[in-house]
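Note sheet for the following structure.
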Amino acid sequence: MINVSEYNFEKFSDPEYGNLIALEAQKSFPFGIKRVYYIYDVPDGVRRGFHSHKELHQMLICVSGSVKILTKTPDEELVTELSSPNKGLYIGPMIWREMYDFSPGAVLLVIASEHYTVSDYIRDYDEYLKLAENYFEKQSD
Ligand code: TYD
């Protein structure tokens, strides 16, 4: 899907000591890292997100448990289940996203390309559709 892709991160596995994954900005990672946040203790049945970003790049990693991510453009829709710490979902600009079906104890780690910027959010779906149609039309020119 345009501006959305799955990543499989290299895992350093040791049968005796367990697993380790290292992510370094711009090395096997699609953007420079400026912010990290995580979502956890999400009550059963809750759906979060319901927004797009104008310019932000993000990588979503479910470091414990599982969660489903709905990503949408005016033309496409995709559901990705994140259920392994070595899997990442990259979400680029102008993608509507909703996160749901958090398993009990799930921890969703989000790595972002910019500091928190309220003006980068589009929270109204109708406004999103208008801006996204324009954005993707220009991209395909
Ligand atoms: P919100 O964007 O509503 O979360 P979600 O899209 O997952 O439902 O963010 C929840 C609150 O956290 C809101 O008050 C803004 C605040 N927040 C920050 O202060 N910094 C951040 O980096 C993020 C992502 C959120």
Side-chain angles (χ1 to χ4, degrees), residues 1-15 17-141:
M1 176 175 176
I2 193 160
N3 286 9
V4 176
S5 49
E6 277 185 34
Y7 279 70
N8 281 303
F9 302 119
E10 189 187 354
K11 186 164 64 178
F12 297 93
S13 296
D14 186 309
Y17 294 102
N19 299 328
L20 183 150
I21 291 172
L23 306 172
E24 286 192 59
Q26 278 141 352
K27 285 189 189 176
S28 69
F29 202 81
F31 53 82
I33 297 168
K34 280 206 183 151
R35 177 167 53 111
V36 172
Y37 62 93
Y38 35 98
I39 297 170
Y40 62 101
D41 280 354
V42 177
D44 200 29
V46 163
R47 215 170 162 103
R48 303 185 57 124
F50 298 98
H51 65 257
S52 167
H53 288 280
K54 294 175 189 161
E55 294 182 1
L56 192 69
H57 302 264
Q58 293 186 308
M59 184 73 77
L60 280 60
I61 303 166
C62 194
V63 291
S64 184
S66 65
V67 63
K68 291 196 184 96
I69 316 289
L70 167 70
T71 44
K72 255 174 143 174
T73 67
D75 303 313
E76 290 178 283
E77 187 168 319
L78 177 75
V79 173
T80 306
E81 180 163 22
L82 294 177
S83 57
S84 167
N86 76 336
K87 191 165 152 184
L89 185 69
Y90 163 76
I91 305 182
M94 291 309 262
I95 301 293
W96 188 263
R97 86 285 314 270
E98 295 170 21
M99 294 89 90
Y100 61 102
D101 276 2
F102 286 81
S103 67
V107 182
L108 180 64
L109 176 71
V110 183
I111 301 173
S113 64
E114 301 297 336
H115 296 137
Y116 181 61
T117 311
V118 173
S119 60
D120 190 62
Y121 279 74
I122 308 165
R123 291 194 181 272
D124 181 87
Y125 189 64
D126 290 336
E127 187 193 349
Y128 164 72
L129 284 178
K130 273 189 221 145
L131 293 171
E133 272 161 22
N134 192 34
Y135 173 86
F136 289 114
E137 224 165 76
K138 281 206 178 118
Q139 277 217 328
S140 64
D141 283 348

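As the structure lists them, so they are numbered: ligands from 1, and atoms in each ligand from 1. When a residue number appears, it is its place in the shown sequence, counting from 1.
- Going from atom CZ of F29 over to atom NE2 of H57 covers 11.5 Å, rounded to the nearest 0.5 Å.
- Counting only distance, with no hydrogens or angles, the side chain of D120 and the backbone of H53 share no donor-acceptor pair below 3.5 Å.
- What sits closest to atom 10 (C) of ligand 1 on the protein, heavy atoms only, is R48 NH2, 4.0 Å.
- The protein non-hydrogen atom at the shortest distance from atom 6 (O) of ligand 1 is H51 CE1, 2.9 Å.
- At under 3.5 Å, a nitrogen or oxygen of R35, whether backbone or side chain, sits near a nitrogen or oxygen of ligand 1.
- Distance check for atom 23 (C) of ligand 1: a protein heavy atom is found below 4.0 Å.
- In this structure the side chain of N8 reaches within 4.5 angstrom of the side chain of K87, judged on heavy atoms.
- Using a 4.5 Å heavy-atom threshold, the side chains of P74 and Y128 count as touching.
- Sorted by first and then second residue, the pairs that involve residues 26-35 and meet salt bridge (Lys or Arg N to Asp or Glu O under 4.0 Å), not counting sequence neighbours, are E24-K27, K34-E114.
- Of all the atoms in ligand 1, the ones that sit under 4.0 Å from a non-hydrogen atom of I39 are 7 (O).
- For the pair R48 (side chain) and V46 (backbone), a donor-acceptor distance under 3.5 Å is absent.
- Taking the six-membered ring where tryptophan is involved, the planes of H51 and Y121 are tilted, since the angle between them lies from 30° to 60°.
- The nearest protein heavy atom to atom 12 (O) of ligand 1 is not closer than 4.0 Å.
- In this structure, Y121 has a heavy atom closer than 4.0 Å to ligand 1.
- Sequence neighbours left out, the pairs with a member in residues 62-79 that pass salt bridge (Lys or Arg N to Asp or Glu O under 4.0 Å) are K68-D101.
- The protein non-hydrogen atom at the shortest distance from atom 1 (P) of ligand 1 is R123 NH2, 3.9 Å.
- In terms of protein heavy-atom proximity, atom 15 (C) of ligand 1 is nearest to Y116 OH, 3.2 Å.
- Below 3.5 Å of separation, one finds no N or O of M99 facing any N or O of ligand 1.
- In this structure, atom 8 (O) of ligand 1 lies nearest to the protein heavy atom G49 N, 3.1 Å.
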